[in-house]
2 protein chains.
Amino acid sequence: MERRRAARLKDVAELAGVSHQTVSRVVNRADGIRPETRERVEQAIARLDYHPNPAARNLVRGRSGTLGIITTDTGQFGPASIQRALEMAAREAGYLASSLVLSSVRRVEFDSAVEQLARLAVEGIVVIAVHDDALDVVRSRAGGPPVVLVEGDLSGSRRTVGVDQVAGARAATRHLLDLGHTEIAHVTGPLEWAEAKARRDGWRLELEHAGVTNGEVFAGDWSAASGYRAGRLITVRGRATAVFAANDQMAVGVLQALHQEGVRVPEDVSVVGFDDIPEAAFLIPPLSTVRQDFRAVGQRAIESLTAAIRGGPEPRPRLIDPELVVRASSGPVSRGVRP
Amino acid sequence: MERRRAARLKDVAELAGVSHQTVSRVVNRADGIRPETRERVEQAIARLDYHPNPAARNLVRGRSGTLGIITTDTGQFGPASIQRALEMAAREAGYLASSLVLSSVRRVEFDSAVEQLARLAVEGIVVIAVHDDALDVVRSRAGGPPVVLVEGDLSGSRRTVGVDQVAGARAATRHLLDLGHTEIAHVTGPLEWAEAKARRDGWRLELEHAGVTNGEVFAGDWSAASGYRAGRLITVRGRATAVFAANDQMAVGVLQALHQEGVRVPEDVSVVGFDDIPEAAFLIPPLSTVRQDFRAVGQRAIESLTAAIRGGPEPRPRLIDPELVVRASSGPVSRGVRP
DNA sequence: AGGGCGAATGTTAACGCTCACATAACGGTC
DNA sequence: GACCGTTATGTGAGCGTTAACATTCGCCCT
């Protein structure tokens with residue numbers, strides 16, 4: 001079968017017996033078209049299987065219809081999920097999203113990424129900013145397309161969107177306090193990450209709020225291995241009756257360490273994580289955790305970016321509330337003695 | 001500061017004192033330009049910070065410069081990794097990749113995705129085809145842009161690219177046979193998935209090749225929970241001295257079940273997974289598994305697609321060899337009796 | 001009946017680039 | 001010095017669309 005050229009506005013116009021501009025109006029849903037004419041044009045469009053040429057459209061409108069997403073290839077659950085959510089939200093907003101996955105957060109690579117996006121004439125950029133360094137780079141960049149930061153340090157003056165990490169950590173800690181725990185340890189993420197810092201701060205704040213001051217801190221790095229090490233230390237020192245891990249992967253490690261030492265969860269020690277990874281519900285025992293609505297983060301970020309592109313003000317509140325998910329790994333503090 | 005319009009070809013031409021066509025030639029690396037002229041033009045480009053307008057370029061060239069990626073939001077490690085790899089490879093090939101993440105593989109949604117990509121005038125589509133159903137939908141589609149299938153059923157006549165799942169499964173099984181195991185159980189993925197089927201077939205083939213016929217099969221669904229259930233059954237029946245799980249998540253479940261029952265890994269039972277998820281090296285014990293080179297898959301898929309767009313033949317072999325990664329979870333069959 | 005007005009549609013000119021072709025410049029040959 | 005071929009550069013058209021303005025038509029009002 002011969003491959004015909006795609007139909008153009010002009011072809012549709014000829015078939016429908018109108019001018020190309022009328023067709024354009026129908027395609028772009030302008031009003032001031034007689035229903036009868038519109039009907040005729042729409043039939044012609046259907047018959048020719050006409051699709052507007054996006055390149056021509058973008059050219060004449062002086063825009064590219066493209067957004068850039070810069071993220072790092074950390075393999076972490078959060079950033080990857082947000083990337084996905086951003087891609088979906090961008091498409092819903094009528095933009096094409098082009099994701100740039102960096103293998104490091106070094107300034108050079110970051111700059112070249114921004115350069116590459118400039119070459120694509122992106123109208124805006126979303127940076128999934130896990131690292132403080134990345135923030136600095138963005139801040140230092142003058143001119144160019146508007147930039148929205150996601151999930152980094154949300155306290156800055158720039159446009160930023162993200163889950164309220166502090167609130168999530170406080171909710172998790174409050175949940176453990178409500179169960180009667182007073183010795184609540186915390187396993188942190190790497191503290192260069194804004195999220196890790198915020199979760200630690202939330203935990204600390206809530207403890208102070210409750211008048212509890214002596215929570216132990218264990219330094220982790222997001223990995224299950226680091227959670228495992230923290231878990232072993234916790235069993236050795238043997239004071240905490242509850243552990244709040246800064247992410248689910250580390251909580252997995254904690255669970256394994258506790259299990260290995262014969263410490264029962266939640267009878268002897270309660271564990272709460274953060275993220276609600278897909279496996280969380282299938283762990284032994286199912287993990288209590290804090291769920292983040294990445295979909296909402298993606299949508300708001302794109303909203304904020306499109307607003308910036310149009311030169312408008314910040315649209316909706318930029319902090320999104322996380323949700324505590326209680327499962328079997330957290331329970332009332334036991335009266336018995338820890339083994 | 002006033003925001004100037006972006007520089008055009010004409011602006012550069014005027015500044016360099018040449019025609020716009022000469023500038024175009026310099027930009028597009030055409031030869032037949034005097035070095036001196038080229039130098040002058042390049043300086044002008046740098047001074048004006050000129051970037052070609054991709055919309056105008058695509059319009060006149062009659063192409064969109066865009067590829068579509070269709071994937072499903074399964075949250076599985078493999079598909080997500082491949083999506084990333086595809087995005088990177090597409091960009092390296094000079095294309096903009098637009099990813100469509102489907103929440104189901106139902107025909108309707110799939111069709112609307114293809115429709116949406118047609119609207120973007122994508123030049124080609126990569127489908128990360130996990131489900132047999134998805135394959136059918138693609139096969140039924142006539143006309144439109146070329147399509148490359150990734151990681152589905154690789155035996156079809158269409159352009160397909162992927163890791164040789166059968167070879168990977170055979171390597172894993174061979175590894176266990178080499179360690180002296182003869183009772184090797186297999187935990188499958190959901191058998192609607194082409195990968196799950198291929199891994200089971202590879203396991204079976206290698207057993208037959210070695211003259212071992214009595215491997216037990218346990219049906220799983222990729223989740224850690226299903227692996228856990230299989231692990232419990234294995235300890236109850238108590239025959240297998242080795243388990244090959246069709247993915248790492250299920251292997252995690254197996255490990256937990258064995259551990260819980262006091263079965264030592266690898267002393268009593270060896271475990272091998274598939275995927276090499278980031279946690280694999282941090283599990284207890286570190287998990288032997290099969291690593292897939294997703295980067296290579298992405299690159300070959302894009303190569304194949306660009307070849308198809310140009311109407312050329314299939315470029316490189318489309319099957320990629322996986323790599324066995326031996327860690328502590330697999331060891332020689334023990335002479336002692338299982339507890 | 002003529003003027004004016006609004007609704008519906010048509011006409012023309014960009015948008016920034018590449019392609020195909022036209023021209024200029026230059027050196028060698030007879 | 002007229003002719004040719006080669007190399008380097010310039011010119012004009014057109015890609016498919018939208019924006020701005022122009023036109024046509026029918027209708028109501030005085």
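Everything numeric here is computed off the predicted structure, so don't read it as measured data.
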Min side-chain heavy-atom separation L102(B)-T71(B) under 4.5 Å: no
Heavy atoms from other residues, nucleotides or ligands near CZ of R47(A) exceed 12 (cutoff 6.0 Å): no
Write down the protein N/O and nucleotide N/O pairs, taken from nucleotides 7-9 of chain D, whose separation is under 3.5 Å; answer none if there are no such pairs.
residue : atom : partner : partner atom : Å
dT9(D)  : OP1  : R34(B)  : NE           : 3.3
dT9(D)  : OP1  : R34(B)  : NH2          : 3.1
dT9(D)  : OP1  : T37(B)  : OG1          : 2.5
dT9(D)  : OP2  : R34(B)  : N            : 3.0

Close side-chain approach of V127(B) to V150(B), heavy-atom, < 4.5 Å: no
Q21(A) CD - dA22(D) P separation (whole Å): 15 Å
From dG14(D), dA13(D), dG16(D), nucleotide with atom closest to V60(B) side chain: dG14(D)
Contact check, side chains of T306(B) and R310(B), non-hydrogen atoms, under 4.5 Å: yes
E123(A) side-chain N/O to G65(A) backbone N/O, donor-acceptor pair under 3.5 Å: yes
Separation of atom CG in L59(B) from atom C1' in dG14(D), rounded to whole Å: 9 Å
Any donor-acceptor N/O pair, S98(A) side chain to G68(A) backbone, under 3.5 Å: no
More than 12 heavy atoms of other groups within 6.0 Å of R295(B) CZ: no
Span of DNA chain C in contact with chain B (heavy atoms, under 4.0 Å): dG16(C) to dA20(C)
Donor-acceptor pair between E195(B) and Q76(B) side chains, under 3.5 angstrom: no
Sugar-phosphate only, base, or nothing, as touched by N28(A) at under 4.0 Å among non-hydrogen atoms: sugar-phosphate
